[in-house]
Amino acid sequence: MTYSLIAKDPETGVIGIIVASRFFACGARVTCVGAHSAIASQAFSNPVWGTEGLRRLEAGEAAQEVLDDLVARDDGRAARQAHLLDSHGDFAAHTGEDCVDWAGHRMGRYHSVAGNMLAGPDVVEATFETFADSSGQPLAERLISAMEAGERLGGDKRGKQAAGMVIHRGEAHSWLDIRTDDHHDPLAELRRLYDVAGERYLHFAEAMPSERNFSGNPDRTALEAAIAKGEAERRAAGRVSRSLATGAP
């Protein structure tokens, strides 16, 4: 009932997950991301695969070892699907034999795609290949574009409802976490939210505290200058705000 993409930037270590489904709030249920690892638990999603799995991956356990143990212990394994990235940069994936067709996964060196109840295998292939062919672009843009390519090949065969994207930049807290839980065109809405995030939020995110820099950069003058510069560039390019917010920014 879902397809998702996990990716890691080999140069920066940034990790992202994006998911889309004809299932309410899939972004909240499927994705678990940490500073150095990630897991997507879908089909008949088992949330403990996500929470326990991420904890163990962050502690340094290998993806395949964690997955093998989760599968072995779960009586619902045949209906489960998951793929995961460990802190060493390795992937593992499981598609249970009772997952609704079409169901399957594909793993690469730096990204993996898994899906079930899809229009066909081309959904996974298009998502995987589009991401692979888009190096050099921002990770968030690559994730969204790859999922859109999968959607053009049919996506979830039941239709569309929800999507979510989470990106971590080497911290336990997210750099970006956006979702659309109930929408007729969730990936398009997710792209709009990402565009709106670029107006102010992502500038703020650049200044957020980290474990190495506990105070971050609380200089409001620098933050407002960055926001103003971005706004001027958008206006010069003829782009208007896509925000639905009311009142003064």
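Note that the structure is a prediction, hence the values are computed from the model and not measured.
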ask   = Any link between V14 and L85 through a network of hydrophobic side chains (Ile, Leu, Val, Met, Phe, Trp, Tyr) touching at under 4.5 Å?
value = no
* Is the side chain of R235 donor-acceptor paired with the backbone N or O of A232 at a distance under 3.5 Å, no angle test? -> no
In terms of heavy-atom contacts, A25 and A162 come closest through N-CB, 3.6 Å
- [ ] Answer whether the closest heavy-atom distance between the side chains of M117 and R158 falls below 4.5 Å.
- [x] yes
Assess whether side-chain hydrogen bond (donor to acceptor under 3.5 Å, both in side chains) is satisfied between T2 and R22, documenting all intermediate values.
CA-CA 7 Å; T2 303; R22 176 59 171 85; over 6 Å; no
One should read off an interatomic distance between Q137 CD and I144 CD1, to the nearest 0.5 angstrom, of 11.0 Å
Note to self: The test is side-chain contact (heavy atoms from CB on, under 4.5 Å); show your working for H173 and E211 and say whether it passes.
What the structure shows: CA-CA 10 Å; H173 61 265; E211 289 191 5; over 6 Å; no
CD1 of I17 to CD1 of I167, rounded to nearest 0.5 Å, is 10.5 Å
Rounded to the nearest 0.5 Å, the CG atom of D122 sits from the CZ atom of F128 at a distance of 14.5 Å
Discussion item. If hydrophobic clusters are built by linking Ile, Leu, Val, Met, Phe, Trp and Tyr wherever their side-chain heavy atoms come under 4.5 Å apart, do Y110 and V33 end up in the same one?
Written reply: no
Residues G115 and V124: closest non-hydrogen pair is N-CG2, 4.2 Å
Q. Any side-chain heavy atom of P121 sitting closer than 4.5 Å to one from W102?
A. yes
(request) Decide yes or no on side-chain contact (heavy atoms from CB on, under 4.5 Å) for D86 and V66, but give the supporting numbers first. (result) CA-CA 9 Å; D86 65 28; V66 171; over 6 Å; no
Does R191 reach the main-chain N or O of E148 with its side chain, forming a donor-acceptor pair under 3.5 Å? no
### Task
Start with the C-alpha gap between D69 and R56, add the side-chain angles, then the distance that decides, and say whether salt bridge (charged side-chain N to carboxylate O under 4.0 Å, His left out) holds.
CA-CA 11 Å; D69 179 60; R56 293 169 63 178; 2.7 Å; yes
query = Are side-chain N/O atoms of S87 and E58 paired as donor and acceptor at under 3.5 Å?
reply = no
Checklist entry - Does the separation of the ring centres of F91 and H83 fall below 6.0 angstrom? => result no
Sub-4.5 Å side-chain heavy-atom contact between T130 and D133: no
Working for side-chain contact (heavy atoms from CB on, under 4.5 Å), residues W49 and V71: CA-CA 9 Å; W49 282 36; V71 170; 3.6 Å; yes
Any carboxylate oxygen within less than 4.0 angstrom of a Lys/Arg side-chain nitrogen, looking at D195 and R239? yes
Practice item. Would you check if K160 and E151 make a side-chain contact, meaning some heavy-atom pair closer than 4.5 Å? Key: yes
*Same apolar cluster: I18 and F131, side chain cutoff 4.5 Å*: yes
### Salt-bridge present (E189, R179; N to O < 4.0 Å)
no
Practice prompt. Decide yes or no on salt bridge (charged side-chain N to carboxylate O under 4.0 Å, His left out) for R73 and E52, but give the supporting numbers first.
Written response: CA-CA 12 Å; R73 290 160 48 205; E52 178 186 325; 2.7 Å; yes
Report yes if some heavy atom in the side chain of S41 is under 4.5 Å from a heavy atom in the side chain of Q81; otherwise report no.
no
ask   = With a 4.5 Å limit on heavy-atom distance, are the side chains of M165 and L176 in contact?
value = yes
### Task
Compare all side-chain heavy atoms of L202 with those of W175 and state whether any distance is below 4.5 angstrom.
yes
Closest heavy-atom pair, A82 versus L67, reported as atoms and distance to 0.1 Å, is CB-CD1, 4.5 Å
Within one Ile-Leu-Val-Met-Phe-Trp-Tyr cluster: I6 and L54, side-chain cutoff 4.5 Å: no
Checking R200 against E224 for the salt bridge (charged side-chain N to carboxylate O under 4.0 Å, His left out) test, could you report, in this order, the C-alpha distance in whole Å, the side-chain angles of both residues, the deciding distance, and whether it holds?
CA-CA 9 Å; R200 298 185 67 87; E224 293 298 337; 3.4 Å; yes
Cluster question for you: counting only ILVMFWY and a side-chain heavy-atom cut-off of under 4.5 Å, with indirect links fine, are V166 and I39 together?
no
Any C26 side-chain heavy atom under 4.5 Å of R29 side chain:
no
Requested in this report: Establish, from distance only, whether the side-chain atoms of S174 and H168 form a donor-acceptor pair under 3.5 Å.
Outcome: no
Task: salt bridge (charged side-chain N to carboxylate O under 4.0 Å, His left out) assessment of R242 paired with E199 - done: CA-CA 9 Å; R242 300 180 67 194; E199 296 178 13; over 6 Å; no
Rounded to the nearest 0.5 Å, the CZ atom of R142 sits from the CE atom of M147 at a distance of 14.5 Å
Distance col, row L70:CG vs H94:NE2, nearest 0.5 angstrom, shows 10.0 Å
Practice prompt. Answer yes or no: is there a donor N or O on one side and an acceptor on the other, between the side chain of Q42 and the main chain of A114, under 3.5 Å?
Written response: yes
Inset, instruction - Go through the steps to decide whether R106 and E129 satisfy the test side-chain contact (heavy atoms from CB on, under 4.5 Å), and finish with yes or no. - result: CA-CA 10 Å; R106 181 177 175 186; E129 294 295 342; 2.8 Å; yes
Nearest heavy-atom contact between A93 and M107 is N-SD, 3.7 Å
Strictly by modelled atom types, are Q161 and D182 linked by a side-chain donor-acceptor pair under 3.5 Å? yes
Nearest heavy-atom approach of T51 to C32 is N-SG, 4.1 Å
Value for OG (S210) from CG (N217), rounded to nearest 0.5 Å, stands at 11.0 Å
query: Do the numbers put R80 on top of the ring of F44, so that NZ or CZ is under 6.0 Å from the six-membered ring centre and no more than 45° off the axis?
result: no
For H88 and G60, the nearest pair of non-hydrogen atoms, with its separation, is NE2-O, 2.8 Å
